[in-house]
Every structure is written in structure tokens, then in C-alpha cells.
Asks: 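Okay, handing you the structure first.
Just so you know, ligand 1 is whichever comes first in the structure, and atom 1 is the first atom listed for that ligand.
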Amino acid sequence: MSVIRTVCAHDCPDMCSLLAHVESGRIVKIQGDPDQPFTAGFACGKVNRDMELVYSPERLTTPLRRTGPKGSGQFAAITWDQALDEIVERWQALIASCGPLAILGYAYSAHQGLMNRGLTNGLFHALGTSRLLGGTVCDSCAEAAWDATVGPTGGADPESVTESDLIIGWGSDLHATNVHLWAKIEQVRKHGVQLVVIDPRRTRAAQAADWYLPIRIGTDSALALGVMHILVRDNLADRAYLAEHTLGFEQVKRDVLPRFTPDRVAEITGLSATDIEHLAAMYGAARTPFIRIGFGMSRFTHGGQNLRTVALLPGVTGAYGRYGGGAMLATAASFDLNYNAVRKPSGPATARTINHLKLGEALLEATDPPIRALFIAANNPAVTNPDTAKIRAGLSREDLFTVVHDPFMTATARHADIVLPATTYLETEDFYRSYGTYYMQYGQRVVAPVGEAWSNLRLTQTLANRMGLTDAVFGMSPPELLKELFRGGGIAVDPNTLLDGRAVSIATKTGQRFLTPSGKLEFYSQALADQGAAPLPDWQPEPLGAAAYPLRLLTTPGYFQSHTAFSGVAFLREREGVPWAVLHPADAASRGLTDGQFVRLGNDRGQVSLRLRVLDEVQPGVVLVPGQRPDEEAEAGTVNMLCGDGYTDMGAGATYQSTWLEVSAAN
Ligand SMILES: Nc1nc2c(c(=O)[nH]1)N[C@H]1C(S)=C(S)[C@@H](COP(=O)(O)OP(=O)(O)OC[C@H]3O[C@@H](n4cnc5c(=O)[nH]c(N)nc54)[C@H](O)[C@@H]3O)O[C@H]1N2
Ligand SMILES: Nc1nc2c(c(=O)[nH]1)N[C@H]1C(S)=C(S)[C@@H](COP(=O)(O)OP(=O)(O)OC[C@H]3O[C@@H](n4cnc5c(=O)[nH]c(N)nc54)[C@H](O)[C@@H]3O)O[C@H]1N2
Ligand code: SF4
Ligand SMILES: [Mo]
């Protein structure tokens, strides 16, 4: 038996170091690496069982060509050579007749390795095709809001919580999506440090917290401004820090804070004025309060302003200046690597980009040229993108030549002309940097590919060569690509030393750096003003007319699923349970609905049928749908059929929670 150290490539902030036990060429056990301090010897309940992902009977093992109508799922096996010949012939003909923009390369984040993820984008960059504007389903709004406020740099180190004297989980279900930070927090709580959770759902993290604040969706900016109001009123603001390290606070104090009295904030947020006073007193008394900001609070129309305002709070008391204090949204921006070496080899600097949210529109309506060929890898837009019906209509175009590369037959793959079997990360070698810690690590391939599966890297390099691209990166091995990623970057580590597979941290034990144009924490942002956005933090209600339906959608991650990436594992599907929706008892009673029955969630976009749970873990007026479950697991449909393609105020992100609907009995 051998034990191979590798890295978990799932889209997750923890980026665990893993030890995979291999017997006769088969993985028999996966455990967290005890030598990586953040992983601390355990993998989550999903990845503990990733052998079942690798050896799932549902894995695709050969290339397939469509034999029935689009979406019917009728395919016949073909060889890799037949598949590649057909793809290259179709792409070359299209480039000759319509130009490269008629092809859309759409590859996203399900493999977090910088090579397997990045080089697929590099292929389409070099071909000069239309490209995906990636991240808008996930972090683009949050990131734009953070960048406008703190600058493009990582936040507080999650390992600094050992020095924190108060921890706030704000819009992030740490128990589900950041389990290793959760474990660290559990340790510091043993020493009496309090954990406060601010979330519209009484999540598992909220249930286990010292104090839970059930805030209304999209009102975090009002709460943060209310806390600032009290800090100023009670002389708890750090005037020296504000003067030296921040920009525009005086204007906020004069023009914004007077409107955010505890009583008004109570009205907006649904919290009591007493609780708001208590939160401000607690925050003001703490020296090193650590706020874990989640993406959850950015997923609606004013999401950017909402998140940005929370990110300003640690500037008021100077907590940003102290190790253990501050705020953490993400860390990735601090890894100064030469990403462009793999993502942008040759090719035009600009090309048509397509936002995830507008994929349906682009497939149905783009002109000049229309999109005639589509390549999708590591993303399942027929389930995980909003405006799903339009996306499926676009994918159903008989004249669209679609190739999907995935380990499983997803709802998206069912619409393809050619489906190519992908490896899972355990069958690949790659280099990783975390987006939720300051570790980077080289991960070895653990086992040979299952069946005829190919990694993203192998497929990309083969297609590039067959398409006649001559960039050196399309001929490099992973260790050679690693050197390219470090060439000209700002990390003073010899990449050769990383090849032994040990995790290396780039964390520093300092306070927060600000990389905004002013070099300060920007309460006033000229950059936002220049984009036509509000330069000062504020709270605004949802646009008028939003509430044509009475209930608001709350969408959260699944505990035993990560989007649809584990839907090929029967055990995890069962652990997650049938897809369900949650209503508060009062809302269920007023509709005559009872726990366990099937209900229909509907609005002007469509209808979805799920099982109902009646629980007071949400407030009245809200319907919670955890996870994004594929149609075949649900009674009917998938939650994103109800969500529109509108953008957030910053970063052109998804507005899942600006969705209003009604729930009724399903017959
Ligand atoms: N198990 C598991 N882990 C995952 C994932 C998964 O699907 N499953 N997904 C991975 C990915 S790709 C990502 S991007 C991260 C995302 O992880 P997070 O950053 O944690 O963000 P979200 O998952 O969007 O939402 C988390 C919480 O925000 C709350 N929330 C929603 N709206 C609001 C609001 O207006 N205000 C406040 N205060 N809270 C709100 C929700 O109730 C939810 O509990 O997790 C990663 N990890
Ligand atoms: N309603 C609602 N919708 C959401 C969210 C929400 O909170 N609410 N969250 C959003 C967020 S944060 C995100 S990040 C997106 C995620 O959405 P997606 O990126 O679509 O995530 P997955 O469902 O994990 O799909 C990835 C696909 O990649 C495949 N895959 C896994 N590994 C590999 C590989 O190595 N190579 C290839 N070629 N394929 C691979 C998986 O089998 C899966 O089919 O969903 C978004 N959608
Ligand atoms: S916690 Fe996240 S990084 Fe760690 S094993 Fe699970 S999915 Fe992978
Ligand atoms: Mo995400």
C-alpha cells in the first residue's frame, strides 16, 4: 500500500492537503493531512468518500456522440480520435467561415488547480474565440465590492483567529462551507471567545453559536451602519486609525450615519434595537474582532453595497490594524502569480466575453457572429446558472455544436453533441493556491484515469496542438508549467521546492494592507463614483416592483453537496436528502401546507416542485431552498429556473436572492 499526498481540488475555501491510501492501483482511503496546520488531519464528510466519486458507477468512461434529439440523453460511444477529429474539423471550418468569435469557450472552477483550470481558458484565449466572463455566478460581486473598499488583496488570515477576542460569521455558513475554519473557531471558543452568527437562516453554525442574529436578507449594510452609528455616539471609534488609514469617514459620519439610528436599523433588519445596541457594544469592546464575510450577503441586487459596508466596519475601531482582527472574504488576491502564463498565452487581448448569467441570451440572440459552437468544462450551467430555462433553450438549438467535458452525464452534458469523459482531480497532477487560506501546494496524481477519462490539461494541450497552436505552454509538463506560474510573480519561493508536495504558507502576521487607489480603506470610493455607483456606503430597499410575489428566495449551499459536483455519489445524495424547500410555520399555516408534502414554488419564470419542510429556521416571508439539485433528484425542476439574469450593483454578479415567488400545494 502507498500513501500519496495530494490536494483537494473542489471549489472550497479550505483547499485541504489530503493523504490518499492506494492499494493495487485503487484508492481505498482518503484522510486529511495532519502535517498541514489548517487541514489538521481531517477532510470533510464529502471528500472522505471521494473514492466513491472516482469509482462511481455513474462515471463517463468513453467519449460519446449524440444519437437522439438534443437533451434526450441518447448517445453512442466513439473513440477519442473520432471525437477529436470531429471537434477540430468543425472548429476549423467555423473559424474559416465565421471567424473564431463564433466559438464560445466556457470553462469554470470545479477543478481548482491552476493548470487544469487555467490552461483550458488559455486554449480559447489563444484561439481568439468568445470567452466566458467567469465568476459571475459566484464571487464577482463580492470581489468587486471588496476591491473597491480594501483593494485587490487578501483579507485577515483565518489562522489568526487564535488571536481574536470575538468572532463573527457574517453571511457564511462556516459549518457547511468552511469546515476547517469552523474547527479553528471551536478551539478558540474553548478559551471563552464568543461566536456571533448573522444570517437569515438559523444554520448549523448559527445553532452552535453563542449568539445568533436572524437578519433579514439584504439588510447587512443597514446593520453595519447602525453599529457604526453607535460606535461614534459612544466614543468607541478609533479616531487616530480613521485619520491615518481610511478615506471619507467624516463624510459618512456627517451624511450617512445620522440616518441609521438603532430604531430605524431595527425596522430595516428585523432585529431588535436592544440587540443592535448589544452587538455594537460587543464589537466596540473587542480589540481583535474577526469577521468572516461570506458571499451569501452579496447575492442580490444591492449585494455589492451590502458587502462593502460590512467590510468597512473593522476600520472604525482600528481592528484592521491588529493581527487577529479585521475581516476575511477571501485570500486569493494575495497570491502574486503569473496566472496569465497559462490563462492568456497568445491571442487577442480582448475578445467578446459572455457573462454566465447571459449564456442563454448569448446562445439565442448573439449576432455578429452568432455562437455556433460551444465548449463547456467544469461547470453545469443547465442547473447552477440562473435563468435556467433560457440556457436550456439555447443549449437545445439543433444547429449549435456543443462539446461538454465532465466526469458525469450532467443536465448540461445531456444537451451536447459530443461528451468527453473527464478525470476527477485525484487522477490529475496540479498546483493549487487557496482562496480561503494563505497556503499553496503541489498535488500529485493519485491514480491512473478511470476508463478513457482525460484531464482538462491533457484535453486542452491535445486540442491546442491539433488546432495548430504553437505556444510553449501547450507542450509543457505540470512541473514546467509550475515554473511559468512563478516567473515574474511576486512570491519569493523557488517553485522547485514545492514539487515535494508540502503545503507552504505566504501568510504574514501583520494587520490589513489596503491596495485601493488611495492606499487606504475607502469609505468614499472615487472608483465607484466613476462607474456611476454610490461612492459612500448606504442601504437601499430592493427596487420597487420586486415583490410581485409574497415570498423571497433564500438560497444556501448544501451540506453534503457542493453545487452539483457530488451528485454522482449516491451516498451523499441520500445524506443531503430529497431536494426540499423550507417555510416558516406561519407561512405554511396561512397556505394550508404541512411538513413533508410536495409543494410547487412558482413565479413568472417557471415552477419547481420540491418537498416541504416547515421549520422556524427561517423567518416569515422567506422560502429557503438549500443547494442546487439536478431535476432528476427533485419532484420537478431545479431552483435556478425561478431566478432571473439581473446583475448585482457591482461585478455583474448573480442576484439569486432578488427572486420572489409563491408556494402552493403540488397535485
Ligand atoms: N458543503 C459545501 N461547501 C461549499 C459549497 C457548497 O455548495 N457546499 N460551495 C463552495 C463555493 S463555490 C462557495 S462560493 C462557497 C460559498 O460559501 P459562503 O461564502 O459561505 O456563501 P454562501 O454559500 O453563498 O452563503 C452562506 C450563508 O449566507 C446566508 N445569507 C444569504 N443571504 C444573506 C444576507 O443577505 N445576509 C446575511 N448576513 N447572510 C445571508 C445564507 O443563509 C447562508 O447561510 O462555499 C464553498 N463550499
Ligand atoms: N441558486 C443558486 N445557484 C447557485 C449558487 C447559489 O448559491 N444559489 N451558487 C453559485 C456558485 S457560488 C457557484 S461557484 C456555482 C457553481 O456551479 P458549477 O461550476 O456548475 O459547479 P458544479 O455543480 O460543481 O459543476 C461543475 C461540473 O464540473 C464537473 N467537474 C468536476 N471536476 C471536473 C474536472 O476536473 N474537469 C471537468 N471537465 N469537469 C469537472 C462536475 O462533475 C460538475 O458537473 O453555482 C452557482 N449557483
Ligand atoms: S473541506 Fe473543502 S477543501 Fe477540505 S476536503 Fe472538503 S471540499 Fe475539500
Ligand atoms: Mo462559488
Asks: For atom 26 (C) of ligand 1, what is the closest protein heavy atom, and at what distance to 0.1 Å?
Replies: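 It is Gly171 O, 3.5 Å.
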Asks: Between OG1 of Thr219 and CG of Leu271, what distance do you get to the nearest 0.5 Å?
Replies: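 Output value for this atom pair is 6.5 Å.
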Asks: Any nitrogen or oxygen of Thr177, side chain or backbone, less than 3.5 Å from one on ligand 1?
Replies: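 Yes; at least one N/O pair falls below 3.5 Å.
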Asks: Is there side-chain contact between Leu166 and Phe290, with at least one heavy-atom pair below 4.5 Å?
Replies: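 Not touching, per the 4.5 Å side-chain cut-off.
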Asks: What I want to find out is whether Asp430 reaches Arg445 closely enough, with some N-O distance under 4.0 Å, to be called a salt bridge.
Replies: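 Between Arg445 and Asp430 there is no salt bridge, as every charged N stays at least 4.0 Å from the carboxylate O atoms.
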Asks: Geometry only, no angles: is Gln657 polar-contacting ligand 1 at N/O separations under 3.5 Å?
Replies: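 Yes, Gln657 has an N/O under 3.5 Å of an N/O on ligand 1.
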Asks: Give yes if a backbone or side-chain nitrogen or oxygen of Gly294 is under 3.5 Å from a nitrogen or oxygen of ligand 1, and no if not.
Replies: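 Between Gly294 and ligand 1 (N or O atoms, distance only) the closest approach is not under 3.5 Å.
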Asks: Ignoring hydrogens, just give me the one of Gly436, Pro200, Ala330, Cys44 whose non-hydrogen atom is nearest atom 39 (N) of ligand 1.
Replies: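 Shortest heavy-atom distance from atom 39 (N) of ligand 1: Pro200.
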Asks: Do any nitrogen or oxygen atoms of Thr203 lie less than 3.5 angstrom from nitrogen or oxygen atoms of ligand 1?
Replies: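 In fact, backbone or side chain, Thr203 has no N or O that close.
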Asks: Taking atom types as modelled, is there a side-chain donor on Tyr339 or Arg117 under 3.5 Å from an acceptor on the other?
Replies: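 Per modelled atom types, Tyr339 and Arg117 side chains form no pair under 3.5 Å.
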Asks: Can you name the closest pair of heavy atoms from Ser172 and Asp199 and give their distance?
Replies: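 Nearest pair, atom of Ser172 first, then Asp199: N-OD2, 4.1 Å.
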Asks: Tell me, which protein residue and heavy-atom name are nearest atom 6 (Fe) of ligand 3, and how many Å apart are they?
Replies: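 Closest protein heavy atom to atom 6 (Fe) of ligand 3: Cys44 SG, 2.3 Å.
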Asks: Answer yes or no: does atom CZ of Arg264 have more than 12 heavy-atom neighbours from other residues, nucleotides or ligands under 6.0 Å?
Replies: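 Above 12, so yes.
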Asks: Below 3.5 angstrom, do we get any N/O pair linking Arg216 and ligand 1?
Replies: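 It does not: no N or O of Arg216 is found under 3.5 Å from an N or O of ligand 1.
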Asks: Salt bridge or not for Arg189 and Glu186, using N-O below 4.0 Å?
Replies: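 Salt bridge: yes.
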Asks: Is the shortest N/O to N/O distance between Leu554 and ligand 1 below 3.5 Å?
Replies: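 No, Leu554 has no N/O under 3.5 Å of an N/O on ligand 1.
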Asks: Against heavy atoms of Val47, which atoms of ligand 3 measure under 4.0 Å?
Replies: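 Selected atoms, number and element: 5 (S), 6 (Fe), 7 (S), 8 (Fe).
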Asks: Check step by step if salt bridge (Lys or Arg N to Asp or Glu O under 4.0 Å) holds for Arg49 and Glu52.
Replies: CA-CA 6 Å; Arg49 311 183 70 99; Glu52 292 174 37; 2.9 Å; yes
Asks: Please state whether the rings of Tyr438 and Phe335 are parallel, tilted or perpendicular, taking 30° and 60° as the class boundaries.
Replies: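 Plane angle under 30°, so parallel.
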Asks: So if I count the atoms of ligand 1 from 1 in the order they appear, which ones are less than 4.0 Å from some heavy atom of Ile198?
Replies: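 Ligand 1 atoms under the 4.0 Å threshold to Ile198: 38 (N).
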Asks: Short N/O distance, under 3.5 Å, between Tyr435 and ligand 1?
Replies: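 Checking ligand 1 against Tyr435, no N or O pair falls under 3.5 Å apart.
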Asks: Which of these, Arg299, Gln561, His563, has its nearest heavy atom closest to atom 24 (O) of ligand 1?
Replies: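 Looking at heavy atoms only, Arg299 sits closest to atom 24 (O) of ligand 1.
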Asks: Return the CD to CD distance between Glu576 and Gln561, rounded to the nearest 0.5 Å.
Replies: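 It is 5.5 Å, given to the nearest 0.5 Å.
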Asks: Between Asp645 and Lys358, does at least one N-O distance fall below 4.0 Å, as a salt bridge requires?
Replies: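 Salt bridge flag = yes for Lys358 with Asp645.
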Asks: N/O to N/O below 3.5 Å, does that happen between Gly218 and ligand 1?
Replies: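 Indeed, backbone or side chain, Gly218 has an N or O that close.
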Asks: Look at atom 34 (C) of ligand 1 and say which protein heavy atom is nearest, naming residue and atom and giving the distance to 0.1 Å.
Replies: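 Ranking protein heavy atoms by distance from atom 34 (C) of ligand 1, first comes Asp220 OD2, 3.5 Å.
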Asks: For ligand 3, which atoms have a heavy atom of Val179 less than 4.0 angstrom away?
Replies: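 Per the distance check, 1 (S).
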Asks: Would you mind reporting whether Tyr212 and Arg202 have side-chain heavy atoms less than 4.5 Å apart?
Replies: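 Yes, their side chains come closer than 4.5 Å.
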Asks: Of all the atoms in ligand 1, which lie at a distance below 4.0 Å from a heavy atom belonging to Ile215?
Replies: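 Listed by number with element, the hits are 38 (N).
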Asks: Among protein heavy atoms, which sits nearest to atom 21 (O) of ligand 1, and what does the distance come to when rounded to 0.1 Å?
Replies: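 Ranked first by proximity to atom 21 (O) of ligand 1 is Gly296 N, 3.3 Å.
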Asks: Record the part of Phe300 in heavy-atom contact with ligand 1 below 4.0 Å; permitted values are side chain, backbone, both and neither.
Replies: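 It is neither part, as no heavy atom is under 4.0 Å.
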Asks: Answer side chain, backbone, both or neither: which part of His180 comes under 4.0 Å from ligand 3, heavy atoms only.
Replies: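 His180 to ligand 3: side-chain contact only, backbone stays beyond 4.0 Å.
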Asks: Polar contacts were defined as any N/O atom of the residue lying under 3.5 Å from an N/O atom of the ligand; does this apply to Ile217 and ligand 1?
Replies: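 No; the residue has no nitrogen or oxygen that sits under 3.5 Å from a nitrogen or oxygen of the ligand.
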Asks: For the residue pair Trp539 and His302, is the inter-centroid distance of their aromatic rings smaller than 6.0 Å?
Replies: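 No; His302 has its ring centre 6.0 Å or more from that of Trp539.
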Asks: Name the option, out of Thr556, Asp199, Leu307, that contains the heavy atom nearest to atom 44 (O) of ligand 1.
Replies: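 Going through Thr556, Asp199, Leu307 one by one, Asp199 has the nearest heavy atom to atom 44 (O) of ligand 1.
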Asks: Kindly indicate whether the side chain of Met228, heavy atoms from C-beta on, has any atom under 4.5 Å from the side chain of Leu313.
Replies: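 Counting from C-beta outward, Met228 and Leu313 do come under 4.5 Å.
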Asks: Under 2.8 Å from atom 2 (Fe) of ligand 3 - does any N, O or S atom of Cys12 fall there?
Replies: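 Of the N, O and S atoms in Cys12, at least one lies under 2.8 Å from atom 2 (Fe) of ligand 3, which means yes.
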Asks: A side-chain contact here means heavy atoms from C-beta on lying under 4.5 Å apart; do Pro37 and Tyr439 qualify?
Replies: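 Of all side-chain heavy-atom pairs linking Tyr439 with Pro37, at least one is under 4.5 Å.
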Asks: Who's the nearest protein heavy-atom neighbour of atom 4 (Fe) of ligand 3, and how far?
Replies: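 Answer for atom 4 (Fe) of ligand 3: Cys16 SG, 2.3 Å.
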Asks: Give yes or no for whether the N/O distance cutoff of 3.5 Å, strictly under, is met between Pro13 and ligand 1.
Replies: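 No; the residue has no nitrogen or oxygen that sits under 3.5 Å from a nitrogen or oxygen of the ligand.
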Asks: Output the list of atoms in ligand 1 that are nearer than 4.0 Å to some heavy atom of Cys138, sorted by atom number.
Replies: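 Here the atoms of ligand 1 in question are 14 (S).
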Asks: Would one find an N, O or S atom of Cys8, in either backbone or side chain, under 2.8 Å from atom 8 (Fe) of ligand 3?
Replies: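 Here the distance criterion (N, O or S atom, under 2.8 Å) is met by Cys8, so yes.
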Asks: Can you list the ligand 1 atoms lying under 4.0 Å from a non-hydrogen atom of Ala176?
Replies: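 Counting from 1, the qualifying ligand atoms are 1 (N), 2 (C), 3 (N).
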Asks: Go through Thr437 and Asp14 one step at a time and tell me if the side chain to side chain contact (heavy atoms under 4.5 Å, CB included) criterion holds.
Replies: CA-CA 7 Å; Thr437 73; Asp14 296 16; 5.6 Å; no
